[in-house]
Amino acid sequence: MRYLPLTDADRGAMLAKIGARSIEDLFRDVPEAARLKGPLDLPRHQGEIEVERALGRLAAMNVPASAGPFFVGCGAYKHHVPASVDHLIQRSEFLTSYTPYQPEIAQGTLQYLFEFQTQVALITGMEVANASMYDGSTGTAEAVLMAERVTRRKKAVLCGNLHPHYADVVATVAGVSGMTIEIGDPVPGGGANLADAVDAETACLVVQNPDFFGNLRDLRALAARVHEKGALLIVVVTEIVSLGAVMSPGAMGADIVVGEGQSLGVGLQFGGPYVGLFATRQKLVRQMPGRLCGETVDANGKRGYVLTLSTREQHIRREKATSNICTNSGLMCLAFTIHLALLGEEGFKRLARLNHEAAVRLAEELSAIPGVELVTPHFFNEFTLRLPRSAQAVADALADKGVLGGVRASRLLPGRKGIETLLIVAATETNTDDDRAAYVRALKEILA
Amino acid sequence: MNEQGRPTRLEGAMPTPSEVRTFSGHRGLDHDEPLLFESGRPGHCGVDLPAPSLSHDRLGGLAREGAIGLPGLSEPEIVRHFVRLSQKNYAIDTGLFPLGSCTMKHNPRLNEKLARLAGFADIHPLQPQKTIQGALALIEELARWLMVMTGMPAVAMSPKAGAHGELCGLMAIKAAIAARGEKRTRILVPESAHGTNPATAAAIGFSVDAIPATPRGRVDVAALKAKLGPDVAGVMVTNPNTCGLFEDEILAIADAIHGAGGYFYCDGANFNAIVGRVRPGDLGIDAMHINLHKTFSTPHGGGGPGAGPVVLSEALAPFAPLPHIVHDANGLRLVEHEADAREEGLNPFGRMVAFHGQMGMFVRALAYMMSHGADGLRQVADDAVLNANYILSSLKDVMSAPFGDTGPCMHEALFDDTYLKDTGVSTLDVAKALIDEGYHPMTVYFPLVVHGAMLIEPTETESKESLDRFIAVMRGLAGEAKAGRTARFTGAPYFAPRARLDETRAARQPVLRWTPPKPAEAAE
Amino acid sequence: MSETRFTKDHEWIRLDGDTATVGITKYAAEQLGDVVFVELPVVGKLVAQASEAAVVESVKAASEVFAPLSGEIVAINEALADDPAKVNADPEGAGWFFSMKVSDSGQLAELMSADQYADYVKGL
């Protein structure tokens with residue numbers, strides 16, 4: 001076995017030192033009845049060639065996003081990741097290190113966490129950010145639980161245009177902890193009346209911006225209403241690149257911002273691992289879940305970084321912790337940090353602008369096709385079309401022509417009336433003019 | 001004779017290294033690296049993107065105005081920055097990482113390569129299902145391996161980490177109890193448990209009742225039985241436990257909790273010790289999370305991402321969260337909604353995550369399992385246990401092993417600080433001295449049930465020679481401490497990129513992000 | 001002002017009329033190490049004897065502080081927000097946590113005197 005260094009001679013010598021007759025001797029605390037007698041009913045070990053061949057065969061059964069015109073979004077977006085990102089995150093010292101519990105020999109990890117926290121705070125327009133969550137959806141549930149701790153109120157109101165998976169995660173996780181979760185009806189064109197749903201019992205209002213259908217919304221008036229009621233405004237951003245072009249949630253009055261960072265550095269990966277961004281106001285920091293990195297000095301007065309405020313966490317507070325979370329999404333958070341560092345101020349804004357342009361062009365050309373209506377008036381890089389027939393049939397027909405043209409709304413909102421014909425379409429900097437032309441041509445043919 | 005050229009011998013008095021102050025602030029290969037925000041300059045960029053060309057927008061008047069404050073740097077500067085940062089980290093690839101309870105084993109690079117195949121890395125979770133049949137097949141295959149290894153009939157694949165798996169398992173228990181029309185509110189958790197166990201139970205509204213340990217480092221079964229009652233939802237036991245010991249009365253624990261109408265949750269963090277040797281399904285367990293980043297070698301990545309699938313018993317299986325994968329006429333199909341699930345006879349308690357789980361980790365874990373096979377996986381457990389016992393046997397005469405005389409340990413060896421009594425050296429000092437010796441410290445001060453704990457988990461991927469070198473260092477340090485030569489301990493580490501860091505200062509006046517220097521300072 | 005009394009959970013309480021000042025003992029502060037944060041109750045909160053009234057955090061530990069007597073919180077030590085080190089420097093003076101209007105001063109008799117507490121600590 002290529003991964004196991006001990007030889008039989010080593011094993012014999014070690015057993016002798018231990019004073020055991022056999023390996024079985026070392027398992028003597030296992031009750032006889034519970035010992036596995038024979039081998040597991042699984043294949044024997046295989047070399048690199050065989051494993052690579054077998055998994056390669058499974059990989060080849062899938063159609064990668066880069067294989068053709070690709071316009072699928074809804075919470076995960078295809079972006080170009082610079083080559084240096086994946087090289088750097090595979091550095092042994094990043095890839096195979098542990099949580100930085102020994103800061104003297106983990107300054108590399110700690111410093112990039114500090115840089116990540118700063119980047120997240122800057123782009124969200126918030127004062128502080130943590131060292132990341134598992135992903136956007138679990139981060140949203142944690143934000144709702146945090147709002148409960150801050151306000152000591154038990155009800156959360158979720159906008160109906162929040163990504164349905166996110167809403168389900170909140171309902172599952174915050175619901176089981178005893179909170180009441182009210183979920184509004186989806187309004188594909190945006191502009192749902194949310195202010196009236198917030199009352200004196202409400203801990204928080206959760207809105208996504210851009211929302212599930214792609215709509216952008218000015219949240220400032222809403223934030224004021226939410227704050228009047230003593231509740232918190234939680235803003236969810238599933239397409240983090242939008243923050244290069246759109247006013248930040250912090251500037252619009254958010255109290256907590258949760259983001260899915262997948263768009264920067266991480267890649268699609270069939271849904272995970274991703275990286276959750278979590279930012280808030282300084283005064284709420286002690287109620288914030290997750291790891292935090294802070295600056296300090298060492299015994300020689302040199303600047304360094306440590307994990308801090310850990311008394312909020314499970315390994316110290318146990319059943320009184322702010323959350324049961326004990327990891328962040330370290331390596332994905334590093335990928336995010338490197339990608340955003342490469343972009344810098346200019347690159348980030350330009351990337352956002354290019355995404356918006358790709359979507360505007362596509363939306364305008366697709367909605368010019370007879371029978372196709374653009375439902376979302378204001379958007380970033382994702383928009384919703386109303387088609388003259390079932391979106392499922394159209395999406396399937398597009399796929400047959402090699403165009404992955406979007407997500408039918410009914411896949412995530414099953415059983416809802418009036419959405420069977422809605423198709424949610426995303427465009428990014430990776431889409432070429434040819435991709436767009438292929439989409440327009442294919443849709444025309446299908447609807448003709 | 002030519003007397004010119006490079007001197008080959010040092011002459012004259014030499015200062016000690018600490019007396020040399022460098023102009024750069026670097027010390028040889030140890031570079032003092034500023035923050036990105038302190039190095040960047042406006043106008044620099046590490047990517048080349050085409051210029052935008054559209055004259056109108058559809059942002060509805062919400063265009064961002066003003067500067068964000070992100071620094072600009074070119075690609076070579078960025079690469080150098082992060083390479084320099086990486087060089088300040090200790091990692092498994094650089095040395096033995098005996099962090100107990102964390103299973104820091106070798107991370108095979110084949111796994112990294114396969115996870116990056118476009119057919120896995122570049123597919124979208126919401127693509128049409130006919131375009132991702134291979135991805136679903138991989139998840140199914142991994143699920144099958146997990147079920148066979150654990151002897152359990154079902155597995156929930158979506159939890160994103162061990163603690164997330166605990167949440168999933170306890171929610172399944174809560175759902176099963178509700179489905180029986182009962183209300184049970186109490187969870188029993190041993191004092192030696194990982195902090196996540198009580199935190200998870202509390203997070204979903206259970207009250208936590210601690211069970212003491214016996215002098216043999218096991219769950220006190222009599223105390224556990226005394227706490228059982230109609231309000232007990234379940235018990236959470238780590239096995240092998242956090243003292244590195246197999247819970248030898250585990251069958252009695254399972255019978256007791258089942259007899260009281262509760263469920264048995266097992267923290268599977270230490271599955272590495274028993275894989276291929278013991279199937280949790282044969283121990284009466286109802287739910288157990290599996291840390292793919294421990295037992296199955298997916299990289300820890302400096303603190304994630306992990307993955308925590310949860311195997312479930314017959315009783316809990318119907319309540320597993322969405323999504324499920326089913327076989328139908330067209331192949332494999334994702335069941336993504338409650339209504340669909342009910343048609344399949346399932347009763348999911350909800351959804352833990354957007355999409356379908358940690359696919360990137362699934363690929364790596366399956367590659368690891370296939371590489372080892374049934375024979376290799378059993379050898380993993382054998383060698384992990386052998387290595388830990390070798391350390392225990394080689395150190396218990398000079399250190400103090402509180403359970404060293406009660407029999408073999410499993411995959412990790414536990415010591416306490418009795419041997420340091422009156423030496424002026426603490427467990428923390430030993431840990432920091434190990435840094436100077438070129439090792440990552442063991443887990444310290446956990447589990448809480450022994451004083452000044454040092455928990456050493458070598459894993460199966462260390463050679464005997466590597467263990468011998470480590471043992472020699474531990475024996476040397478023990479000897480120095482007992483001889484009263486404490487200088488090497490009190491200021492340690494001396495040879496790390498940083499000396500001990502002031503955690504009190506970090507917590508009292510938290511500085512959690514970079515902020516631009518104030519204009520007055522900047523002008524100086 | 002009455003004498004200072006002590007609890008087994010290492011709080012001290014000093015009664016002045018019907019108002020009492022509460023903090024943690026020197027022993028507790030030493031055991032915790034460097035205090036980095038104190039979570040204080042809101043003024044006006046009613047607390048029952050032995051119920052959780054505050055949380056004190058050091059780098060490595062967090063402990064609940066229990067109300068030695070029943071009553072209503074009337075003031076909190078705002079200075080601890082900026083300078084939690086006061087708890088270590090002067091635990092039984094400037095490092096006080098909160099003061100409360102006591103509803104039943106009779107409960108005071110159940111608590112330890114300074115000498116009793118010193119003996120109690122010695123036995124730990």
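Naming convention: chains lettered A, B, ... in sequence-line order (proteins, then strands); numbering from 1 in each chain.
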Contact class of B/Glu75 relative to chain A, heavy atoms under 4.5 angstrom:
both
Tell me, please, which residues at least two apart from A/Tyr98 pass side chain to side chain donor-acceptor pair (under 3.5 Å).
none
Under 4.5 Å from any heavy atom of chain A - which part of B/Asn387
both
So which part of A/Leu343 gets closer than 4.5 Å to some heavy atom of chain B, the side chain, the backbone, both or neither?
both
Most chain B-contacting option - heavy-atom pairs closer than 4.5 Å, from A/Ala65, A/Gly344, A/Gly347, A/Ala395:
A/Ala65
What part of A/Ser248 is in contact with chain B, defined as an atom under 4.5 angstrom from a non-hydrogen atom: side chain, backbone, both or neither?
both
Side chain to side chain donor-acceptor pair (under 3.5 Å) partners for A/Ser66, two or more places apart:
A/Lys78, B/Asp122
So which part of A/Met14 gets closer than 4.5 Å to some heavy atom of chain B, the side chain, the backbone, both or neither?
both
Under 4.5 Å heavy-atom distance to chain B, tell me which part of A/Arg11 shows up: side chain, backbone, both or neither.
both
Side chain, backbone, both or neither: which part of A/Phe270 has a heavy atom under 4.5 Å from chain B?
both
Quick one: what part of A/Pro82 sits under 4.5 Å from any heavy atom of chain B, side chain, backbone, both or neither?
side chain
Using non-hydrogen atoms and a 4.5 Å limit, figure out which bit of B/Met171 sits close to chain A: side chain, backbone, both or neither.
side chain
Is any NZ, NE, NH1 or NH2 atom of the basic residue among B/Lys113 and A/Glu52 found under 4.0 Å from an Asp or Glu carboxylate oxygen of the other?
yes
Chain A contact via B/Pro52 - side chain, backbone, both or neither, heavy atoms under 4.5 Å
both
Checking B/Leu126 against chain A: side chain, backbone, both or neither under 4.5 Å from a heavy atom?
both
Using non-hydrogen atoms and a 4.5 Å limit, figure out which bit of B/His106 sits close to chain A: side chain, backbone, both or neither.
side chain
